[in-house]
Every structure is written in C-alpha cells, then in structure tokens.
Amino acid sequence: MTNFTAAYWQAVLFLVVMNWFDGICMDLVWVAHGKEWAIPGMEGIPYIKPLKSVLIKRTAGTALYFVIALPVAGAAVLMGGVL
C-alpha cells in the first residue's frame with residue numbers, strides 16, 4: 001500500500017466515522033435526551049431533525065467525504081515529505 005492510499009483511507013475513515021458519530025450519538029442521543037439542552041419556554045419546539053432527515057444527510061455526507069478525502073490525503077503525503 002502506498003503512502004497516499006494509506007492516507008486516503010485514514011482520512012475517509014476519520015471523516016465518515018465522525019460524520020455518523022456526530023449525527024447519531026451527539027444529535028439524536030445526547031441533544032435529544034440531555035437535560036442540559038432544555039431552554040425555558042421552548043419545551044414544545046424540537047431541538048433535532050427527524051431520523052429520516054439525519055440519515056439522508058449523513059449518507060450524502062459520506063459520499064461527499066470520499067471525494068474530500070482525496071485532497072486531504074494529498075496534503076498529508078506532501079506534508080510528510082516536507083517534514
């Protein structure tokens with residue numbers, strides 16, 4: 001495996017895992033069920049988007065991150081060659 005390939009898959013893994021972690025753990029679990037997020041007088045207004053919306057957005061983000069990981073991996077390989 002080349003340095004670029006390894007850097008690419010590491011960037012993809014990081015971006016995709018953080019995308020889904022943020023969408024599910026942070027938004028749907030912590031914000032939805034955390035008492036810290038309650039604003040007095042705003043009890044009837046939802047803080048999070050519906051699950052279907054979150055899944056669609058995170059899936060689109062996953063596809064986008066496969067493209068974004070290319071310049072990220074290239075920059076990582078270039079910086080590794082400089083240092």
Side-chain angles (χ1 to χ4, degrees):
M1 188 179 305
T2 66
N3 287 340
F4 178 79
T5 305
Y8 174 75
W9 285 111
Q10 288 175 7
V12 166
L13 183 65
F14 176 77
L15 291 169
V16 169
V17 167
M18 291 307 297
N19 177 39
W20 284 98
F21 177 80
D22 178 59
I24 294 172
C25 294
M26 300 297 284
D27 293 344
L28 294 179
V29 176
W30 186 38
V31 174
H33 300 292
K35 303 276 189 248
E36 307 85 30
W37 299 99
I39 299 173
M42 303 288 284
E43 290 82 10
I45 299 175
Y47 286 66
I48 59 169
K49 297 188 183 313
L51 177 62
K52 182 178 178 183
S53 174
V54 171
L55 293 177
I56 290 170
K57 182 178 176 182
R58 299 301 165 173
T59 302
T62 297
L64 182 63
Y65 288 142
F66 274 91
V67 176
I68 292 175
L70 289 167
V72 170
V77 170
L78 285 175
M79 290 303 293
V82 171
L83 300 176

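Since the model is a prediction, treat every value here as computed from it, not as a measurement.
- If you chain together hydrophobic residues whose side chains sit under 4.5 Å apart, F21 and V29 never meet in one group.
- Nearest heavy-atom pair across P71 and I68 is CD-O, 3.1 Å.
- For K49 against V54, the heavy-atom pair with the smallest separation is O-CG2, 3.9 Å.
- Hydrophobic clustering (ILVMFWY, side-chain heavy atoms < 4.5 Å, transitive): Y65 and M26 are in one cluster.
- Using a 4.5 Å heavy-atom cutoff, the side chains of L70 and Y8 are in contact.
- Residues V16 and W20 have side chains in contact (heavy-atom distance under 4.5 Å, counting atoms from C-beta outward).
- Distance CH2/W9 to CZ/F4: 11.0 Å, rounded to 0.5 Å.
- Here the OG1-CD distance, from T5 to Q10, works out to 11.0 Å after rounding to the nearest 0.5 Å.
- Between V77 and A7, the shortest heavy-atom contact is CG2-CB, 4.0 Å.
- Separation of atoms CG (L51) and CD1 (I24) is listed at 8.0 Å; rounding is to 0.5 Å.
- Across all non-hydrogen atoms, the minimal contact from V72 to A11 is CG1-CB, 3.9 Å.
- A salt bridge is absent between K57 and D27: the closest approach of a Lys/Arg side-chain nitrogen to an acidic carboxylate oxygen does not fall below 4.0 angstrom.
- Here the CG-CG distance, from L28 to D22, works out to 9.5 Å after rounding to the nearest 0.5 Å.
- Clustering ILVMFWY residues whenever any of their side-chain heavy atoms sit less than 4.5 angstrom apart, transitively, puts L55 in the very cluster that holds V31.
- V67 and I56 end up in different hydrophobic clusters when Ile, Leu, Val, Met, Phe, Trp and Tyr side chains are linked at under 4.5 Å.
- Between V12 and A69, the closest heavy-atom pair is CG2-CB, 3.4 Å.
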